[in-house]
Amino acid sequence: MTMTKFRNLTATFTPRSSLFFSSSLKNYFFSSSPFPSPLPIDTVSETAADVAGEVLYPDASTLPSPVTLPTLLQPRVVVYDGVCHLCHRGVKWVIKADKYRKIKFCCLQSKAAEPYLRLCGLDRDDVLRRFLFIEGPDLYHQASTAALRVVSYLPLPYSALSTLLIIPTPLRDAVYDYVAKGRYNWFGKADDCLVLKDKELLERFIDRGEMMG
C-alpha cells in the first residue's frame, strides 16, 4: 500500500520534457501559485512551434537596416582627392602594379566616400589634406603611413617600400604634408574626377556606378 502511494506521488510530479521558454511558459514557471497546473501536451507543442517559427522566420521589422551594416563597407579602400593630378597619377601607378587586384579606390568627391569618412570620424577637409586608406574594421591610416600600407599589399619589389615604415611618422608626414600643400600648384587640379578620363580604370572604383550615372 505504501509503495503504491509513493508511485502515484512520483507520477504526479514527474517533470515534462522539451519545454520552451515562451511568454506563456514563463507564466507557467513563474506562477504565483506554489503548485501550478501542468500544461497540456498540445499547448507545449504549439509553444515549441511558435518559438521555432520565431527563430527560422524572424519579423523583418526587427532586423537591422542593411545600409547600416558595416559589412557593406569594403576593406582595403583608398579614398583620395579625385581632382588632383598628382593623386590620380599615384592611383594609376598602384592599379598597374596591383596585379592581384587587392586595392580598391573611391573619389573623395563622391557620395560613396561618406560612410567611410563617418566610420573613421573624418570630414572631407581632413582627407583633402591627407588621403585615407581603410585597411579593415577599426583600422585606417592617413598620409605617409597610408601610402606605405597600400604598397605593402603590392607584389615585390613594390611591397619592399613598406620597410620605410621604420622611419618615424612625424618625419615621414612632414615630407608628405609639404608635397600635399603644393600639389595643385605643381601638378594642377581638374574640375571633375580624373578617373572619368581613364574609364578602363573604373572597375577598380567602388563609386563607379555613381560616376557613370
Side-chain angles (χ1 to χ4, degrees), residues 72-117 119-120 122-213:
L72 292 180
L73 300 183
Q74 302 183 46
R76 300 186 305 278
V77 173
V78 170
V79 181
Y80 75 102
D81 182 4
V83 299
C84 166
H85 281 276
L86 176 62
C87 304
H88 184 62
R89 290 181 192 178
V91 167
K92 289 176 68 175
W93 179 84
V94 171
I95 290 176
K96 184 178 180 180
D98 184 19
K99 65 180 181 179
Y100 298 118
R101 306 165 70 87
K102 293 182 178 181
I103 308 298
K104 296 170 283 291
F105 302 89
C106 181
C107 290
L108 173 64
Q109 288 76 12
S110 70
K111 290 183 179 179
E114 293 176 0
Y116 292 92
L117 299 182
L119 178 70
C120 302
L122 301 172
D123 58 34
R124 293 185 186 275
D125 288 338
D126 294 325
V127 182
L128 279 174
R129 287 190 294 269
R130 294 177 164 186
F131 91 95
L132 174 65
F133 178 48
I134 299 95
E135 194 166 357
D138 301 320
L139 184 61
Y140 70 91
H141 314 279
Q142 284 190 273
S144 65
T145 301
L148 295 175
R149 289 302 303 161
V150 168
V151 298
S152 73
Y153 285 95
L154 302 180
L156 287 169
Y158 311 111
S159 59
L161 291 171
S162 63
T163 58
L164 295 175
L165 285 166
I166 64 173
I167 299 174
T169 302
L171 184 58
R172 286 189 278 106
D173 282 351
V175 176
Y176 178 96
D177 290 340
Y178 175 76
V179 175
K181 286 178 182 177
R183 69 186 189 277
Y184 290 156
N185 293 330
W186 302 336
F187 301 97
K189 177 182 178 182
D191 295 325
D192 239 332
C193 288
L194 287 161
V195 70
L196 292 173
K197 297 180 180 179
D198 294 300
K199 293 187 177 180
E200 69 277 6
L201 306 179
L202 278 175
E203 62 176 346
R204 301 290 296 277
F205 281 72
I206 63 173
D207 54 343
R208 60 184 176 275
E210 178 183 340
M211 289 192 286
M212 294 299 292

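Each residue takes its place number in the sequence, starting with 1. On a predicted model such as this, the values are computed, not experimentally measured, just so you know.
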[X] side chain to [Y] main-chain N or O, any donor-acceptor pair under 3.5 Å?
| X | Y | answer |
| --- | --- | --- |
| R183 | C87 | no |
| D207 | S110 | no |
| R204 | I103 | yes |

Rounded to the nearest 0.5 Å, how far does [atom2] of [Y] lie from [atom1] of [X]?
| X | Y | atom1 | atom2 | answer |
| --- | --- | --- | --- | --- |
| F105 | F131 | CZ | CZ | 9.0 Å |
| S144 | I167 | OG | CD1 | 8.5 Å |
| D198 | K92 | CG | NZ | 4.0 Å |

Any idea which heavy atoms bring [X] and [Y] closest together, and the distance?
| X | Y | result |
| --- | --- | --- |
| L202 | R208 | O-CD, 3.2 Å |
| D126 | Q142 | O-NE2, 3.4 Å |
| G82 | C107 | CA-SG, 4.0 Å |
| A112 | P115 | O-CD, 3.3 Å |
| S162 | S152 | CB-CB, 3.7 Å |
| L154 | A97 | CD1-CB, 4.1 Å |

- Task: Please assess L119 against L73 for the test side chain to side chain contact (heavy atoms under 4.5 Å, CB included), listing each intermediate value before the final yes or no.
- Result: CA-CA 9 Å; L119 178 70; L73 300 183; 3.9 Å; yes

- Query: Could you go step by step and tell me if Y184 and V83 meet the side chain to side chain contact (heavy atoms under 4.5 Å, CB included) rule?
  - Reply: CA-CA 9 Å; Y184 290 156; V83 299; 4.2 Å; yes

Show me, pair by pair, the donor-acceptor contacts under 3.5 angstrom made by side chains of residues 132-141, not counting sequence neighbours?
residue: E135; atom: OE1; partner: H141; partner atom: NE2; Å: 2.7
residue: E135; atom: OE1; partner: R149; partner atom: NE; Å: 3.2
residue: E135; atom: OE2; partner: R149; partner atom: NE; Å: 3.4
residue: E135; atom: OE2; partner: R149; partner atom: NH2; Å: 2.4
residue: E135; atom: OE2; partner: Y153; partner atom: OH; Å: 2.6
residue: Y140; atom: OH; partner: C120; partner atom: O; Å: 3.2

- Which residue, I166, T163, L164, forms the side-chain contact (heavy atoms from CB on, under 4.5 Å) with L148?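 In the set I166, T163, L164, the residue that makes a side-chain contact (heavy atoms from CB on, under 4.5 Å) with L148 is L164.
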
- Message: Taking salt bridge (charged side-chain N to carboxylate O under 4.0 Å, His left out) as the cut-off, I'd like each qualifying pair that reaches into residues 101-112, sequence neighbours left out, listed once.
- Response: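 Residue pairs with at least one partner in residues 101-112: R101-E203.
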
Is any side-chain heavy atom of [X] closer than 4.5 Å to a side-chain heavy atom of [Y]?
| X | Y | value |
| --- | --- | --- |
| V94 | V78 | no |
| V127 | Y116 | no |
| Y176 | T145 | no |
| L117 | D123 | no |

- Task: List the steps, then state whether side chain to side chain contact (heavy atoms under 4.5 Å, CB included) holds for V179 with L86.
- Result: CA-CA 10 Å; V179 175; L86 176 62; 3.8 Å; yes

- Start with the C-alpha gap between R129 and D177, add the side-chain angles, then the distance that decides, and say whether side chain to side chain contact (heavy atoms under 4.5 Å, CB included) holds. CA-CA 8 Å; R129 287 190 294 269; D177 290 340; over 6 Å; no

- Item | Ion pair check, K197 and D192, cut-off under 4.0 Å |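 No, K197 and D192 are not salt-bridged.
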
- Query: Applying ring-ring contact (aromatic ring centres under 6.0 Å, His included), which residue pairs with at least one partner in residues 79-101 are found, sequence neighbours left out?
  - Reply: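 Pairs touching residues 79-101 that pass the test: W93-Y158.
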
